[in-house]
Number of protein chains: 2
Amino acid sequence: MLIRTPADLGAVIRDRRRQLKLDQAAFAKRIGVSRQWVIEFERGHPRAELGLVLRALGALNIRVDVGVDVELTTRRRAHGAVDINAIVDKAKRLGHDQ
Amino acid sequence: MLIRTPADLGAVIRDRRRQLKLDQAAFAKRIGVSRQWVIEFERGHPRAELGLVLRALGALNIRVDVGVDVELTTRRRAHGAVDINAIVDKAKRLGHDQ
DNA sequence: CGGAAATGTCAGCGTTCGATTACATGATTG
DNA sequence: CAATCATGTAATCGAACGCTGACATTTCCG
């Protein structure tokens with residue numbers, strides 16, 4: 001999923017956390033933050049600390065990829081799958097904006 | 001590129017900023033932070049605010065993608081784009097597990 | 001229904017962010 | 001060399017983070 005805002009990330013994490021059947025307390029403990037933090041972050045807190053965010057993502061096995069727009073930064077996927085995503089992404093971009 | 005730590009992100013941004021021939025001051029101004037912030041962030045500051053980080057990435061036209069390992073979670077796009085990704089992802093998922 | 005579990009809210013508190021300002025070092029170039 | 005620009009360092013300071021702990025609310029089953 002394409003991330004644009006902190007709220008996007010919060011939603012992703014919440015979904016994933018539930019998918020893994022973790023409650024906020026267990027999740028918080030696992031990444032070493034308070035339950036409060038989880039609540040605020042899932043709500044899209046824009047000032048959450050980067051390090052904690054990355055820990056949270058890692059704990060849920062969520063991959064973070066960054067790459068420049070069109071050229072360069074070819075990405076490979078975790079499992080030797082098709083790179084159809086790359087193709088699709090490129091197509092979408094050309095068809096839309098930026 | 002796969003992001004694991006704040007330092008990874010700092011490096012990406014620094015590279016990209018230079019690629020675009022922006023100095024720290026101009027870059028900082030563009031995203032509405034102090035030059036100090038840029039310095040610390042490029043150095044890998046782990047407690048940088050998520051919102052500012054995303055703004056910085058956006059200002060440099062760096063995409064941020066997140067996704068679960070093999071299975072994936074998402075649907076829900078920011079702007080009405082094709083959901084081919086979802087389809088592809090689902091297909092991949094069916095082929096693998098869960 | 002009733003109670004437990006999960007989630008959300010509130011209020012204090014120490015710590016630290018990020019802005020600001022000023023100066024120091026580095027690199028480039030005339 | 002000297003001037004200029006880019007980058008790094010330092011110190012102050014208000015604002016906000018994230019933690020703790022207690023309570024409220026919602027959700028979920030027996």
Side-chain angles (χ1 to χ4, degrees), chain A residues 1 3-64 66 68-69 72-73, chain B residues 1 3-64 66 68 71-76 98:
Chain A
M1 172 176 191
I3 298 301
R4 292 187 183 289
T5 71
D8 290 343
L9 260 184
V12 166
I13 284 210
R14 165 164 279 223
D15 286 350
R16 179 58 174 162
R17 173 177 64 78
R18 287 180 162 155
Q19 208 175 50
L20 296 182
K21 302 274 194 282
L22 285 169
D23 62 32
Q24 295 176 339
F27 179 45
K29 190 168 190 180
R30 181 186 284 203
I31 61 182
V33 299
S34 66
R35 195 169 63 86
Q36 257 300 324
W37 187 89
V38 174
I39 292 173
E40 308 235 329
F41 177 60
E42 289 189 345
R43 187 180 277 160
H45 187 66
R47 298 196 144 115
E49 296 182 2
L50 178 58
L52 299 181
V53 172
L54 291 180
R55 287 225 307 265
L57 290 165
L60 296 178
N61 267 311
I62 297 177
R63 179 174 36 70
V64 182
V66 302
V68 178
D69 234 331
L72 150 76
T73 315
Chain B
M1 169 167 194
I3 299 302
R4 294 186 183 286
T5 70
D8 290 342
L9 261 184
V12 166
I13 284 210
R14 167 165 276 221
D15 286 350
R16 179 60 175 160
R17 173 177 65 77
R18 286 179 164 154
Q19 211 174 48
L20 296 182
K21 302 270 193 286
L22 285 169
D23 60 34
Q24 295 176 336
F27 179 44
K29 191 168 189 181
R30 181 186 283 204
I31 60 182
V33 298
S34 67
R35 193 167 64 84
Q36 257 301 324
W37 186 88
V38 174
I39 292 172
E40 308 236 329
F41 176 60
E42 290 189 345
R43 187 180 279 162
H45 187 65
R47 308 179 73 148
E49 296 183 1
L50 177 58
L52 299 181
V53 172
L54 290 180
R55 286 223 309 263
L57 290 165
L60 296 178
N61 269 308
I62 298 177
R63 293 163 80 260
V64 182
V66 302
V68 178
E71 49 268 44
L72 164 77
T73 327
T74 15
R75 49 288 157 38
R76 211 161 139 299
Q98 272 201 14

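Remember, predicted model here, so these are calculated numbers, not experimental data. Within every chain, numbering begins at 1; the chains are lettered A, B, ... in the order of the sequence lines, protein sequences first and strands thereafter.
Here D:dG18 is the nucleotide among D:dG8, D:dG18, C:dA19 with the atom lying nearest to any side-chain atom of A:Trp37. The nucleotide whose nearest atom lies closest to any side-chain atom of B:Arg17 is, among D:dT20, C:dT20, D:dT7, D:dT7. The nucleotide whose nearest atom lies closest to any side-chain atom of A:Ser34 is, among D:dG18, D:dA6, C:dG18, D:dG18. Comparing C:dG18, D:dT9, D:dT7 by their closest approach to the side chain of B:Leu52 singles out C:dG18. The side chain of A:Arg47 sits closest to D:dC17 out of D:dC17, D:dG18, C:dC17.
Of the side-chain N and O atoms in A:Arg14, one or more sit less than 4.0 angstrom from OP1 or OP2 of C:dG8. At the phosphate of D:dT20, neither OP1 nor OP2 sits under 4.0 Å from any side-chain N or O atom of A:Gln36. Phosphate proximity of D:dA16 to A:His45: absent, as no side-chain N or O sits under 4.0 Å from OP1 or OP2.
Atom CD1 of B:Ile39 is separated from atom C1' of C:dT25 by 12 Å (rounded to the nearest Å). To the nearest angstrom, P of D:dC29 lies 13 Å from CG of A:Asp23. The CG atom of B:Leu50 sits 14 Å away from the C1' atom of C:dC17 (whole-angstrom rounding). Atom CZ of B:Phe27 is separated from atom P of D:dG8 by 13 Å (rounded to the nearest Å). Per the geometry, CD belonging to B:Gln24 stands 13 Å off C1' belonging to C:dT25, to the nearest Å. A straight line from CD of B:Glu40 to P of D:dT7 spans 15 Å, rounded to a whole angstrom.
B:Arg63 places no side-chain N or O within 3.5 Å of a backbone atom of A:Val66 that could act as its donor or acceptor partner. The backbone N or O of B:Thr5 lies less than 3.5 Å from a partner atom in the side chain of B:Asp8, making a donor-acceptor pair. Put simply, the side chain of A:Arg35 never gets that close to the backbone of A:Ala25: no donor and acceptor are under 3.5 Å apart.
Comparing B:Glu49 and B:Ala25 along DNA chain D, the residue whose closest nucleotide (by nearest heavy atom) sits nearer the 5' end is B:Ala25.
Side-chain atoms of A:Arg35 come within donor-acceptor range of the base of C:dG8, with a qualifying N/O pair under 3.5 Å.
Here the CG-CZ distance, from A:Leu52 to A:Phe41, works out to 9.5 Å after rounding to the nearest 0.5 Å.
Between A:Glu42 and A:Arg17 there is a salt bridge, since at least one side-chain N of the basic residue sits less than 4.0 Å from a carboxylate O of the acidic one.
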